[in-house]
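In this text, all values refer to a predicted model and were calculated from it rather than measured experimentally.
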Amino acid sequence: MKIIKVGLGNTDEAYIESEFSDGINIIYSDENNKGKTIVIQSMLYTIGNKPIFPSSFNYKEYYYYRKLQ
């Protein structure tokens, strides 16, 4: 299984990550609060993990999807 796209959003905001390449991908930022944790945990959530989002993030207010290859 290879995740090639992941997205989350609602009527007010949305984010899609589709820049994954073959091999290992690293999601990084020099700053905090840019969404790295939410993107990773969204990937896990869409493949069946129990929600483990930060307590400050109300995950039930968003829709999630992922595209597999």
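- A donor-acceptor contact shorter than 3.5 Å links the side chain of Gln41 to the backbone of Ile52.
- At most 12 heavy atoms of other shown residues, nucleotides or ligands fall within 6.0 angstrom of atom CG in Asn33.
- One distance of note links OG1 of Thr46 with CD1 of Ile3; it measures 5.5 Å at 0.5 Å rounding.
- Of the inter-residue distances, the one linking Asp22 atom CG with Lys2 atom NZ reads 3.5 Å to the nearest 0.5 angstrom.
- Through direct or indirect side-chain contacts shorter than 4.5 Å among Ile, Leu, Val, Met, Phe, Trp and Tyr, Tyr62 is connected to Leu8, Ile38, Tyr45, Phe53, Phe57, Tyr59, Tyr64.
- In this structure Asp30 satisfies the salt bridge (charged side-chain N to carboxylate O under 4.0 Å, His left out) test with no other residue, sequence neighbours excluded.
- Residue pairs that meet the salt bridge (charged side-chain N to carboxylate O under 4.0 Å, His left out) test with at least one member in residues 31-51, sequence neighbours left out, are Glu31-Lys34.
- The ring pair (Phe, Tyr, Trp, His ring centres under 6.0 Å) pairs that include a residue from residues 14-42 number zero, where partners must be two or more places apart or lie in different chains.
- Within the structure, the salt bridge (charged side-chain N to carboxylate O under 4.0 Å, His left out) test picks out no pair touching residues 52-68 (sequence neighbours left out).
- Residue Ser42 holds its OG atom at 11.5 Å from CG of Asn49, rounded to the nearest 0.5 Å.
- When the ring-ring contact (aromatic ring centres under 6.0 Å, His included) test is applied to Tyr65, no partner is found at least two apart in sequence or on another chain.
- By the 4.5 Å heavy-atom criterion applied to side chains, Met43 and Ile27 are counted as neighbours.
- Cluster membership check: Ile40 does not share its hydrophobic cluster with Ile24, using side-chain heavy-atom separations under 4.5 Å among Ile, Leu, Val, Met, Phe, Trp and Tyr.
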